[in-house]
Number of protein chains: 2
Amino acid sequence: MLHEEVVSRIRAILLDGEIPPGARIPERDLCERLQISRTPLREALKVLAAEGLVQLLPNRGSRAARLTDKDMRDLFEVCQGLEALAGELACERVTEEEIGEIAAAHAAMAHHYRNGDLIQYYRCNRAIHEAIVAAAGNPVLVGLYNSVTARIRRARYVTPMTSDRWALALHEHEAILNALQRRDGVGLSHILRTHLRHKREEVLQAGFAETESGDPTMPPDRARV
Amino acid sequence: MLHEEVVSRIRAILLDGEIPPGARIPERDLCERLQISRTPLREALKVLAAEGLVQLLPNRGSRAARLTDKDMRDLFEVCQGLEALAGELACERVTEEEIGEIAAAHAAMAHHYRNGDLIQYYRCNRAIHEAIVAAAGNPVLVGLYNSVTARIRRARYVTPMTSDRWALALHEHEAILNALQRRDGVGLSHILRTHLRHKREEVLQAGFAETESGDPTMPPDRARV
DNA sequence: ATTCCCTATTTTGCATTCAAAATTAGGAAA
DNA sequence: TTTCCTAATTTTGAATGCAAAATAGGGAAT
């Protein structure tokens, strides 16, 4: 198994919450599960620590990082900036074909909205945001966007919405698609910011931060893998 | 030596160009120099690879990453977005004390400009940009900014300027300081973008990209450490 | 001289090992 | 029972060892 694959697999385990935020990462068990020795596992953990998904505790191993409200706010703030930039660039560079794909994803999303299928709605939603970032044609931007969004993925795409919020979000997405089709970079940038600001408010209101009560320096629970 | 320190030391070696872009990284020699074994060295290299400073070649070790023109353009583009965001946030959050420090750095920079001291000018210049990002009060933003700017540091802060360009840059910096003092987020954001666009043009014009002629898949020179 | 091929050496990637640190478990004292 | 101390166990962090891959070297054939 290649280094990058080890990183991906562990990242998936963390994002799925299989090792919940704050839980200690059991090297031994993970090694057994991935059928690798501790050396490549630990290399991957250091990389994930640099990404912010893992917290390293000197002489005490590593745990799944947990986000405070402040972390969440900071991450959404940067995400807004990145999506705003992506929106502007995308309007300059997006192809007609890409616009077609995004329009199709939007239509599918609207369909799931009408069916009240939040899971599928979020799936399309995420695809749209990622497609806009991809359309910016800047791999560096894609990389940063992925690392930032990975950390807020669960909050962003799991938090339930009130019916009002959901209707507003869909409405905003119509404006997003519209701005993209008109290649109105400034407009797209602006609506994306507003859209993400609303999402952030929802998430923080829902208290999605991953900090539990209690001393964060205390020995964390051990995740069973 | 702590893991993070190993990463920092190797990062410094790469940024100093001591191992030039494209050169193979000699694990053995670096181990000897840092007085560590290959295990922690390789952990650090994987982290630096994730940062984009090192390129991993399966079964063929790692080399110092080299930037193409496209990489340079992409990095500057993202850097513009990050500084623009930082500028906006900084105007909301910067303290009077921080403004004072930035004003002082600006004065020092202007002094070095008048003396024609490019090295010292760039030192102050970089301090100002970093102070604005710091004033945004968003550690996530600082982290991304550092990783992006690390990769373009040499291009950004080494490229010589024509007298016209230099005069323009100083003039832009006056506008930057002014916008910050007026806490004009939109204005600061805008001038920072313009300023960085100019810098990018300079760098690309100077042909600072790190791609050498020849097949990039060929065995690279080995750096002597 | 140049190209090809085969062997010797080096380098890589990972498993294993080992000392140091932390954690756990157990028993004595209050 | 609760608290504190000590010894056994586990876990961590890094060095070492080892097989596989890549590279370098050195003729033989053209």
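Labels below follow one simple rule: chain letters A, B, ... track the order of the sequence lines, proteins then strands, and each chain is numbered from 1. What you see is a predicted model, and the numbers here were worked out from it, not measured in a lab. Just so it is clear, the values below take in all heavy atoms, side chains as well, and ignore hydrogens, waters and symmetry mates.
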Examine distances only and state if a side-chain atom of A:E210 and a backbone atom of A:R66 form a donor-acceptor pair shorter than 3.5 Å.
no
Indicate yes or no: does A:E77 engage A:R197 in a salt bridge with an N to O separation below 4.0 Å.
no
Rounded to whole Å, how long is the line connecting atom CD of B:E27 with atom P of D:dA15?
13 Å
Anything under 30° is parallel, anything over 60° is perpendicular, the rest tilted; go ahead and classify A:H195 against A:H129.
parallel
Closer than 3.5 angstrom, by distance alone: can the side chain of B:N125 be matched with the main-chain N or O of B:Y122 as a donor-acceptor pair?
no
I need the CG-P distance between B:L56 and C:dG13, as an integer number of Å.
8 Å
Nearest heavy-atom neighbours spanning A:R24 and A:I19:
O-CG2, 4.3 Å
Separation of B:H3 atom NE2 from D:dT12 atom C1', in whole Å?
15 Å
Quickly work out the B:L45 CG to C:dT12 C1' distance and round it to whole Å.
12 Å
For the helix from C:dA1-D:dT30 to C:dA30-D:dT1, measure the angle between the helix axis at one end and the axis at the other, each built from five pairs, rounding to 10°.
10°
Qualifying residues under side-chain contact (heavy atoms from CB on, under 4.5 Å), relative to A:A65, sequence neighbours excluded
none
Return the value, rounded to whole Å, for the distance between atom CZ of A:R28 and atom P of C:dT23.
17 Å
Where each residue is assigned the nucleotide of DNA chain C containing its nearest heavy atom, which of B:G61 and A:I36 is assigned the position nearer the 5′ end?
B:G61
Pairs under 3.5 Å (N/O, protein and nucleotides 20-22 of chain D):
none

Pick one: which of A:K199, A:R156, A:R193 meets salt bridge (charged side-chain N to carboxylate O under 4.0 Å, His left out) with A:E83?
A:R156
Take atom CZ of B:R63 and atom C1' of C:dT11, then tell me their distance rounded to the nearest Å.
15 Å
Taking B:N138 for its side chain and B:V140 for its backbone only, find out whether a donor-acceptor pair lies under 3.5 Å.
yes
Partners of A:A150 by side-chain contact (heavy atoms from CB on, under 4.5 Å), sequence neighbours excluded?
A:L15, A:R153
Kindly check if the number of other-residue, nucleotide or ligand heavy atoms within 6.0 Å of CZ (A:R28) is above 12?
no
In whole Å, I'd like the distance from the CE atom of B:M1 to the C1' atom of D:dG13.
14 Å
Ordered by number, residues from residues 37-44 of chain B within less than 4.0 Å of DNA chain C (heavy atoms) are B:R38, B:R42
D:dA14 P sits how many Å from B:L2 CG, rounded?
8 Å
Closest-nucleotide 5' rank along DNA chain D - winner of A:S62 and B:Q35:
A:S62
I need the full list of side-chain hydrogen bond (donor to acceptor under 3.5 Å, both in side chains) pairs touching residues 38-50 of chain A, with sequence neighbours left out, sorted by first then second residue.
A:E27-A:R38, A:E27-A:R42
